[in-house]
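Every heavy atom of this structure was used, including side-chain atoms; hydrogens, water molecules and symmetry mates were not. Numbers restart at 1 for each chain; the letters A, B, ... are given by sequence-line order, proteins then strands.
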There are 2 protein chains.
Amino acid sequence: MPGARPDRRVRRTRDAIHRALVALMLEKGYDAVTVADIINRADIGRSTFYTHYTDKQHVLYATLDQLATFLRAHSDASGGRLFGFSRALFEHVHEQRDLLRALLGRRGGTVVHTRIRQVLTDLVRHDLEPRTGTNAVVPIDIAVDSVVGAYLALLSRWVDDNEPRPPRDMDLAFRQLIIPGVVASLDLTNPAIGPTTGTGQTKRTAHHTSGTGTSTEITDEQWTEQPGLRRPFL
Amino acid sequence: MPGARPDRRVRRTRDAIHRALVALMLEKGYDAVTVADIINRADIGRSTFYTHYTDKQHVLYATLDQLATFLRAHSDASGGRLFGFSRALFEHVHEQRDLLRALLGRRGGTVVHTRIRQVLTDLVRHDLEPRTGTNAVVPIDIAVDSVVGAYLALLSRWVDDNEPRPPRDMDLAFRQLIIPGVVASLDLTNPAIGPTTGTGQTKRTAHHTSGTGTSTEITDEQWTEQPGLRRPFL
DNA sequence: CGTGATACTGGACAGTGTGTTCATGAATGG
DNA sequence: CCATTCATGAACACACTGTCCAGTATCACG
């Protein structure tokens with residue numbers, strides 16, 4: 001049964017390995033970290049490592065799965081707001097800065113980006129697909145890719161920033177930069193970008209966004225902490 | 001003198017090494033390629049490799065420098081059009097698909113993305129900086145990052161596509177997805193997005209894009225081949 | 001064509017990292 | 001308390017790296 005709590009020694013060992021990897025990634029970058037490094041830092045025997053993980057990568061994957069779970073949970077709980085994961089993820093990264101910098105930042109590995117890109121791509125597609133209008137002028141796959149690309153670029157740069165801006169500002173900037181083009185290109189119906197006043201009003205012209213007032217204003221309202229999910233994923 | 005043409009043997013060797021690396025990257029991905037692989041494929045002696053390059057990476061850098069040169073040339077020659085590099089790069093990649101897929105695609109290395117990101121970031125910043133208005137609501141660095149992130153995401157996915165869309169469509173999609181948000185967020189003056197009819201008219205409101213008609217319509221007009229630059233960069 | 005300069009060869013070598021195996025000893029939880 | 005499970009550390013085969021060197025082939029140029 002997967003719910004069964006493993007042996008205390010196992011927990012200790014896995015935890016030590018995990019902590020060692022994160023610390024080393026912050027120091028040398030993922031690529032430069034060697035299994036021997038991890039073993040020394042975690043102060044465990046060589047064979048012990050290989051009974052738990054096959055690889056350096058394997059350790060990373062274990063961590064990433066938890067991040068993916070966290071992401072999906074927050075997306076589901078976002079009340080259907082467009083790009084609901086965004087604010088939550090910025091907030092989470094803010095609180096777990098060291099860990100996430102190790103993963104997402106300059107020194108993180110390709111693996112991490114690939115994996116997170118997959119997860120985000122799924123989330124964004126589920127966000128956009130049901131809202132796409134009949135007059136879309138850009139294939140949805142392409143829209144999804146560009147949204148995810150832009151978001152990941154912001155996030156990656158942000159974690160490496162020494163004096164980071166508040167998560168709220170990052171989320172707002174992302175929305176203001178990305179949403180207008182997506183709305184126009186996909187002929188989005190009821191973007192539900194800001195408050196709950198979305199009236200189901202449909203946009204007609206794809207090229208020229210004629211502002212309709214408050215219902216599509218890009219703000220950070222409707223943001224409330226989700227206590228049950230705020231527990232860091234690690 | 002750097003212009004002097006190197007010894008024929010040197011040319012032959014360097015070329016063989018370069019071709020071997022690209023071929024192997026397409027087969028196994030950059031990370032999995034070993035120096036021994038390159039040597040075998042290029043059919044040269046081990047020590048020969050090390051007299052020309054210090055590394056696997058070194059070979060890659062040599063290739064990337066040429067790509068960077070190509071990019072800058074095309075950006076300068078774009079007549080000041082916003083994101084002038086975009087169409088040119090899509091076209092170029094289209095013609096050199098195999099090579100560029102090796103570099104930019106799924107199997108390419110982190111190094112490539114990092115380097116190209118740098119180059120594109122410079123280009124985009126030089127595009128946006130002089131046009132930024134006084135009512136910008138997003139820091140220019142963040143806007144640049146998101147534009148580059150979105151563009152690279154599109155490009156990377158595109159090179160791995162088996163039935164790729166025409167470069168023109170990709171360029172258009174990129175513009176339609178990205179430009180509206182950037183115009184609004186940076187309060188861009190005279191975006192010069194489409195034809196030359198830009199009147200220098202200044203937008204006032206950052207949040208609501210009230211369409212002004214043809215001057216900011218997003219098209220692919222004003223695209224002309226630049227014969228002097230169409231020579232592949234390799 | 002001849003010759004001095006330059007480049008390629010291929011094998012040997014030390015160094016570093018990987019992943020497996022196994023006998024031994026220690027901690028765990030019921 | 002004790003059967004079970006886990007950790008240890010050393011030894012081993014393997015793969016890749018980067019350097020060195022003496023011998024050989026190819027080049028550019030007068």
Could you tell me whether B:R175 and B:D171 make a salt bridge, using a distance below 4.0 angstrom between a side-chain N and a carboxylate O?
yes
Could you check how far OH of B:Y53 sits from C1' of D:dT17, rounded to whole Å?
19 Å
Send over the distance from B:I38 CD1 to D:dC16 C1', rounded to a whole Å.
12 Å
Are any of the side-chain heavy atoms of B:Q96 and B:L103 separated by less than 4.5 Å?
no
What does the B/S/- profile of nucleotides 23-30 of chain D look like, 5' to 3', with a 4.0 Å heavy-atom cutoff to protein?
--BBSS--
Reading DNA chain C 5' to 3', what string of ( ), [ ], | and . shows its pairs, if Watson-Crick and G-U wobble pairs count only when both distances fall under 3.5 Å?
||||||||||||||||||||||||||||||
Rounded to whole angstroms, how far apart are CG on B:L24 and C1' on D:dC16?
15 Å
Closest heavy-atom contact between B:T13 and B:T48?
CG2-CG2, 3.7 Å
Mind calculating the distance between CD1 (A:I44) and C1' (D:dC6) to the nearest angstrom?
12 Å
Chain B reaches DNA chain C, atoms under 4.0 Å from its heavy atoms, from C:dT6 to C:dG10
Closer than 4.0 Å, any side-chain N/O of A:T51 to the OP1 or OP2 of D:dC6?
no
Mind checking side chain to side chain contact (heavy atoms under 4.5 Å, CB included) for B:E129 and listing every partner two or more places apart, or none if nothing turns up?
B:R125, B:I140
Restricting to nitrogen or oxygen on both sides, can you table the protein-nucleotides 18-21 of chain D pairs closer than 3.5 Å?
residue: D:dG18; atom: OP2; partner: B:Y50; partner atom: OH; Å: 3.3
residue: D:dG18; atom: N7; partner: B:R46; partner atom: NE; Å: 3.1
residue: D:dG18; atom: N7; partner: B:R46; partner atom: NH2; Å: 3.0

Thinking salt bridges, do A:D37 and A:K28 make one under a 4.0 Å N-O criterion?
yes
Quick one: are B:V93 and B:L99 in side-chain contact, heavy atoms under 4.5 Å?
no
So B:T48, base contact, sugar-phosphate only, or nothing? Heavy-atom distance under 4.0 Å.
base
Under 6.0 Å between the ring centres of A:F70 and A:H74?
yes
I need the CZ-C1' distance between A:R5 and D:dT5, as an integer number of Å.
17 Å
Counting only heavy atoms not in B:R11, do more than 12 sit closer than 6.0 Å to its CZ atom?
yes
Should the pair A:R101 and A:W158 be classed as cation-pi, given the thresholds of under 6.0 Å to the six-membered ring centre and 45° from the axis?
no
Just how far, in rounded Å, is C1' of D:dC16 from NZ of B:K28?
11 Å
Do B:V147 and B:F83 make a side-chain contact, defined as non-hydrogen atoms from C-beta onward lying under 4.5 Å apart?
yes
When you check the gap from the basic side-chain N to the acidic O, do A:D15 and A:R19 get nearer than 4.0 Å?
yes
Residue set satisfying side chain to side chain contact (heavy atoms under 4.5 Å, CB included) with B:A68, at least two apart, ordered chain then number -> B:R72, B:R115, B:V119
Centroid separation A:Y151 to A:F90 less than 6.0 Å:
yes
